[in-house]
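Quick caveat: nothing in here was measured; it's all calculated off a predicted structure. Each ligand, and each atom within it, is numbered from 1 in the order the structure gives.
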Amino acid sequence: MTVKKITWRSIIPTCYKSEVPSSKTKKVCSKQNSFQRISLSDLSNPNSIFSEDISISLAGSNVHAFTLMELKVITQNFSSTNFLGEGGFGPVHKGFIDDKLRPGLMAQPVAVKLLDLDGLQGHREWLTEVIFLGQLRHPHLVKLIGYCCEEEHRLLVYEYMPRGSLENHLFRRYSVSLPWSTRMKIALGAAKGLGFLHEAEKPVIYRDFKASNILLDSDYTAKLSDFGLAKDGPEGDDTHVSTRVMGTQGYAAPEYIMTGHLTAMSDVYSFGVVLLELLTGRKSVDKNRPSREQNLVDWARPMLNDSRKLGRIMDPRLEGQYSEAGARKAAALAYQCLSHRPKQRPSMSTVVETLEPLKDYNEIPFGPFVYTVPSENGLNEEHAKELEGQKELKRESQKKENGHHHGHKRQHRSSKSPKIHSQTDMRQNCRDHQGMHSPLHHMGRAA
Ligand SMILES: Nc1ncnc2c1ncn2[C@@H]1O[C@H](COP(=O)(O)OP(=O)(O)OP(=O)(O)O)[C@@H](O)[C@H]1O
Ligand SMILES: [Mg+2]
């Protein structure tokens, strides 16, 4: 195994404007399998960019250090026409890179995330992202193409994901409902990404698994983004990592919230929450619902293992177009992932094995067309349940009459989503959410 010694300064050359950066150190990255991944703890003072030189093991390299000027050029000065969205780190803009910007750059669209200097996140989250994502490569992780570190400015440059986040698809008003098979494909892809992190030679706990951090490629391949809260897994005989509790309300595992003890099983719980969101089309926390339905897990978990009740919680926007056997299996899996006892949750490799066949389940019922009218505050729940019940009855009687219909998937029809963000509320919401997610989400520095 070749281990190349490089220094901390060489990782982030553009932070040290007074020094002449070595041309050898313009690109940083390592191939996961051939080289030892470095961790944040390998840096003597990760909070300071002026930390003394530290020996670190890195190699390979395909991550570019961009200048702020270059990133301004490719995003047309972060113009609103290129705006893609905004989260806790700051705004994200689309740009385009090619070899005119830098010789050797492959022509491609990119997403440029700019640290909001007035926001709650900062250098630490940016550095965590560069260190983790710069070294990890997998088809289900978003690729970090580069970064920029100039004076107080911190930016990240990713491969562009044309279909944006899963959150936008599931919850944004006017979005077209995702078909069942696509939901299963997304769950499987995201599970593979998480499984890769957990089973790496030096395991990683992702800590922020949620619908907004799952990005979608043009063919709905799911990729995990946002490694600002990631942690190295426990080492040696340790069973957990002790941390300050960070994450997002509604997704974080109960034992992690109670004790601050972080394990890979905390991620498995969060995976269960996202799987539940895919099944129900509901957000993990939704303050616009009646109080007993506001927390998705509390409301839905008791019904996951009861096949008679499952139909009541399935997303009405699926309009009954899903494999019942597939839904039962996915629901049983979500139930296990959401166990209050971490040891009873499955490993991510078991999750992947369980989900693998579900994307091919195409025993979709063939039913009459029913249009569900959204109410002012979204879909009227009672009405939705009633329709769902009616549809279930019709399905049952049709099955009796016709036997099972395989592969008769009727034309999918879009219907209005019950709720959620417009582009403008998304931005406002992101800020509001930080308050709402308190004390969990991105409050202060990650530990
Ligand atoms: N690589 C990308 N390609 C395309 N769009 C992206 C990319 N990265 C982010 N986005 C868009 O930018 C939005 C904001 O992303 P970001 O990860 O900063 O925040 P978030 O996940 O919504 O919130 P949080 O700060 O809680 O993670 C995403 O919802 C998505 O629409
Ligand atoms: Mg995110």
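When Gly88, Pro91, Ala111 are ranked by how near their heavy atoms come to atom 2 (C) of ligand 1, first place goes to Ala111.
Residues Leu333 and Pro346 meet the side-chain proximity criterion, which asks for heavy atoms closer than 4.5 Å.
Within ligand 1, counting atoms from 1 as listed, the ones closer than 4.0 Å to a heavy atom of Ser212 are 20 (P), 21 (O), 22 (O), 23 (O). Atoms of ligand 1 lying under 4.0 Å from at least one heavy atom of Tyr158, given by number and element, are 1 (N). Close approach to Lys210 involves these atoms of ligand 1, each under 4.0 Å from a residue heavy atom: 24 (P), 26 (O), 27 (O). Residue-ligand proximity, Ser165 to ligand 1, at heavy-atom distances under 4.0 Å covers atoms 29 (O). Of all atoms in ligand 1, listed by their number and element, those nearer than 4.0 Å to a heavy atom of Leu84 are 4 (C), 5 (N), 31 (O). Within the listing of ligand 1, atoms 14 (C), 18 (O), 19 (O), 20 (P), 23 (O), 25 (O) sit less than 4.0 angstrom from a heavy atom of Gly87. Each of the following atoms of ligand 1 lies closer than 4.0 Å to a heavy atom of Tyr160: 3 (N), 4 (C). With ligand atoms numbered from 1 in the order given, ligand 1 contributes 1 (N), 2 (C), 7 (C), 8 (N) to contacts under 4.0 Å with heavy atoms of Leu215.
Put simply, the side chain of Glu150 gets close to the backbone of Leu68: a donor and an acceptor are under 3.5 Å apart. Judged by distance alone, with hydrogens and angles left aside, the side-chain atoms of Arg154 form no donor-acceptor pair with the main-chain N or O of Leu115 at under 3.5 Å.
Vertex the Mg ion (ligand 2); arms to Asp226 OD2 and Asn213 OD1; angle rounded to 10 degrees, 90°.
No heavy atom of Lys94 sits closer than 4.0 Å to any atom of ligand 1.
Shown are His340, Arg345, Gln344; of these, the side chain to side chain contact (heavy atoms under 4.5 Å, CB included) with Pro342 is made only by Arg345. Remark: of the listed residues Glu129, Arg124, His123, His123 is the sole one forming a side chain to side chain contact (heavy atoms under 4.5 Å, CB included) with Trp126.
The aromatic rings of Phe196 and His138 sit parallel, their planes meeting at an angle under 30°, below the 60° perpendicular limit. Between His240 and His261, the angle of the ring planes stays under 30°, which puts this pair in the parallel group of the 30/60° scheme.
Neither the backbone nor the side chain of Thr248 has a heavy atom within less than 4.0 Å of ligand 1.
Less than 6.0 angstrom separates the ring centroid of Phe227 from the ring centroid of Tyr206.
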Considering only distance and modelled atom types, tabulate donor-acceptor pairs under 3.5 Å from the side chains of residues 213-221, sequence neighbours left out.
from	atom 1	to	atom 2	distance (Å)
Asn213	ND2	Asp208	O	2.9
Asn213	ND2	Asp208	OD2	3.3
Asp219	OD1	Thr221	N	3.2
Asp219	OD1	Thr221	OG1	2.7
Asp219	OD2	Thr221	OG1	3.3
Tyr220	OH	Arg163	NH1	3.2

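For ligand 1, the polar-atom distance check against Asp226 finds a nitrogen or oxygen pair separated by under 3.5 Å.
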